[in-house]
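Proteins get letters first, then strands, A, B, ... in listed order; numbering begins at 1 in each. In what follows, every heavy atom counts, from backbone to side chain, and hydrogens, waters and symmetry copies are set aside. Source: prediction; values computed, not measured.
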Amino acid sequence: MTLWFVFALMTVAAIFAVLWPLGRNGRAQDQGSEVAVYKDQLAEIERDLAAGLIPAPDAEAARVEISRRLLAAAASEPAMAPKSNLKWRRAAAVLALAGLPLVAIGIYMPLGSPRLQDFPLAQRERGSGSGVAQSLENLVVQVQQHLEKNPTDGRGWNVLAPVLERLGRFDDAVRAYRNSLTYNGESAERRSDLGEAISAAAGGVVTVEAKAEFERAQALNADDPKANYFLGLAAEQDGRKDDAATIWRALLAKAPADAPWRALVQSSLVRVGGGTMPALSDETIAASKDMAEGDRNAMVRGMVDRLATRLKQNGDDVDGWLRLVRAYLVMGERDKAMGASADARQAVASDAERLRQLNEGLMTLGLGG
Amino acid sequence: MIAESGHYALVLALGLALIQSIVPLIGARLNDVALMNVARSTALAQLLFVGASFVALVMLHVNSDFSVANVYENSHSMKPLLYKITGVWGNHEGSMLLWVSILALFGGLVAAFGNNLPLSLRAHVLAVQAWVASAFYLFILVTSNPFLRIASPPIEGRDLNPVLQDIGLAVHPPMLYLGYVGFSISFSFAIAALMEGRIDAAWARWVRPWTLVAWIFLTLGIAMGSYWAYYELGWGGWWFWDPVENASLMPWLSGTALLHSALVMEKRNALKVWTILLSILTFSLSLLGTFLVRSGVITSVHAFATDPTRGVFILLILCLFIGGSLALFAGRATSLKQGGLFAPISREGALVLNNLLLTVACAVVLFGTLYPLAMEMLADFKMSVGAPFYNLTFAPLFTLLLLAVPFGPMLAWKRGDLLGVTQRLLAAGVAGLVAVAIAWGWASGGSTLAPLAIGLGIFVIGGAVTDIVERTGLVRLPFATVLHRARGMPRSAWGTAFAHAGLGVALIGIVCETTWNSEYIATMKQNDVAQIAGFDVKLDGLLQRQGPNYREMIAEFNVSLDGKPLSVMTPSKRSFTTRGSSTTEAALLTRGASQLYISLGEANAEGAIAVRIYYKPMVLMIWWGPVLMAFGGVLSLSDRRLRVGAPKPARAKQRLQPAE
């Protein structure tokens, strides 16, 4: 309500600015005219002459010239006396009284947001007190601001890093984990968290950098489950399926029965062919059955993408290429399959033996020739 | 409430401007005093409302109210207070609001202090002013509204472009806008004169001070912008002939011409039609500059965001005002009263030559600016017109102009004695020649033209000094008389001398910097020593520092001259987290008018850093010149005397010719 009151006051002030001169009965006031200017100039010449600033002949010449202009000006001075025109004054008043508010409201309403309150920083920092729900992003920003000022607050980094990772801001998460390591000290968990964030940033590929972190974690704690799982994944992505299976089997052997990550490792083991079906717990099977079609597709697609990324980095793996092509064919993406087989030929072209293997494999998939 | 009140105040200002652009004209037609006086009160009320609107936006920025889109996009809660305030015009919307605020300020000043103007002239002037204002209020409200809101405000803003987080932003844009927009007054006066069909002494008496105010600010604004680019962009360049710079130079050139032709008009009642045309052209060029910078036709640090509707809107305003005013000029100019007569060799004649050279120079810059744009648009052919073009065209024109500058103020009004003036300028000429000889002997390498140009600069300064010496009678008369005469001399004469000397000073700076500038670019490790122009610059080390909203890498350099330690220089590289961009902060060491300049490049993994070191002899004179010019302008402005050009009594009958 206050806002509309302020608007009303402002509008009244604006209207008053128009009405005020209209109300003052237009008496002729002092105004400048050409004649006045020349008279001032003549007076100034007298002053200068008296002060000795200009010599007498110059003053005389100037005086003559100005007088000439003065006469001309006086002759052409408009002799019209000011008139007052009541009809037009009324029209102007109506224009101000009706037109001004109409124009103002007509333009303001579609553009303005009269219902929105001001929201300065001071008020926002009081936070929920103002009844505003703090979103996760806003909290993150606040913590980041705090850490910008106190970068050595290790606990802060510890809190921030997993949140950033969950928000999908992997690069920021990597930086936060690194800071956490710097200010909280070494630990197997932090190392493997960092490794996880790095591979997440690389789209799920366990890069050399990430692998180094997991190896360091493993050195600190040989049983660290995350480090072991990812080292297995790295082996799988490198095409060393047997190594992967060995690592994961050892991990499962040491794992407590109720470890939440058991199912994940078991399904991975099945993927590399190292596990037998019984190795899967009943729940996992149930879970994968319950998995919606879409989720399963997403899972498959994610794996295919990872394979493609890895092959881009290291193209020597003929089996890998064949698996990729097959996967594309299964998913019904023939174009991508053709593209991948072309890439594969290019990647192994320098090695006759591998090229032969590849061509044979492709032939069996119906893509030969 | 602040945001919405500011928004509504802007809308009300538009409403008032619309009334101000119609009612006073009707009043002037009917000769009704009350209706004409509406112009005055609405202009003042408009100033009040736009001022309130601008203050509201400043408060929103200071409070970091991110529910306002403009604040969210250009501010950050951790920014230092100064940059929160300057950030108001460090973006498109806010800078346009500053533009109209200044326009309203000038309108308000005319309304408040225009008592000595004929009533109908004042009504016309304010109405024209209101046309311009209405167009720009509409432009702001429709295409670049700074008061649009965000329903669920984010907690942190996106920060101001780091390059703009500098004290330069506090000074450069307001100065430049005061200059650009100040020329709107002379434009409004010109249009008013055309509409009334008469132009009298009161007109001239008013136009010159306004033009002078605008010119002073524009001069300082351009100089400041150039110095800012010099120290902030990290390349040590101070003028790039880029379209945005040209956009400010063109109104300056035609504004300078206007200043001189208004002088003739004020003192001798001549050159009226030409002065009117120049007024129109100068403001048109200001508008063109606004269009070029604001429409996104050109990409530069000045074009904050590009939006085609804005470009089209400004283009429309541009066509309306430039086309309309020129059409009015073509239709009405012939009906104006013709002015006085004078001989070609006279003060007036010299000023005509000045106008001729300045307008041709301005046309050259206009061509150089628009031709590449036109080529790109019509023929899809990218080209850039740079220094070589201007060296061949602009430089000779200015050389001619500078040669003529010392003669102008020494010639008498109406009919002058060129031979006499030449004799009196002999000393300045000799000083110039001596300077050429010295520069030739001293200089090693560089262009052979450089010593000549330095001689020219000395000649211009010498000419200004000679003028003062002549007027005060120094040398000839006893000292007490000289002092008396110096005190009694019109301040505008001092102003002329300072402004003209400023030209010479700037020229010397430009020539020295471009000819004998030395540079050292390399990757330096700790304890590496660079040798440049006799200085030993040793890299002591790199250190990190946390600023309010950035992280900073500082390099410490120990500078010594001939083995004696001189100073420590600390250039830095700032990286701003929010925008994810970085700026280089160059370190400057001033010795006399010369500067040693260090800026940092990228650091590599081995702790080595790319460093650019420049030694720029006499570089500061480039900016001292414009400051001197502006000081001359202020002196001339403070001269409250009326101006009458007293002609020397005729000694011999000379052939006269019409002024126009």
Is it the backbone or the side chain of [X] that comes under 4.5 Å from a heavy atom of chain A, or both, or neither?
X	answer
Ala9(B)	both
Leu148(B)	side chain
Ile26(B)	side chain
Met78(B)	side chain
Val23(B)	side chain
Ile150(B)	backbone

On a heavy-atom basis, which atom in [X] and which in [Y] lie closest, and how many Å separate them?
X	Y	result
Gly15(B)	Leu100(A)	C-CD1, 3.4 Å
Ser5(B)	Leu3(A)	OG-CD1, 4.0 Å
Phe119(A)	Asp65(B)	N-OD2, 2.9 Å
Pro21(A)	Ala34(B)	O-CB, 3.6 Å
Leu116(A)	Ala151(B)	CD1-CA, 4.0 Å
Phe49(B)	Met10(A)	CZ-O, 3.4 Å

Kindly compute the distance separating CG (Leu12(B)) from CZ (Phe7(A)), expressed to the nearest 0.5 Å.
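Separation between the atoms: 9.0 Å.
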So how far is it from Asn37(B) CG to Trp20(A) CH2, rounded to the nearest 0.5 Å?
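If I round to the nearest 0.5 Å, the distance is 8.5 Å.
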[X] vs [Y] side-chain heavy atoms within contact, under 4.5 Å:
X	Y	value
Trp88(A)	Leu35(B)	yes
Val18(A)	Ser41(B)	no
Asp118(A)	Arg149(B)	yes

Which of Leu18(B), Asn145(B), Ile19(B), Val142(B) touches chain A most, by non-hydrogen pairs under 4.5 Å
Ile19(B)
Under a 4.5 Å cutoff for heavy-atom pairs, which residue among Leu10(B), Val68(B), Leu141(B), Leu14(B) has the most contacts with chain A?
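The option with the most such pairs is Leu141(B).
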Taking the side chain from Glu4(B) and the backbone from Ser113(A), do they hold a donor-acceptor pair closer than 3.5 Å?
yes
Just one of Thr11(A), Leu111(A), Ile107(A), Val6(A) clears the side chain to side chain contact (heavy atoms under 4.5 Å, CB included) bar with Tyr8(B), so which one?
Thr11(A)
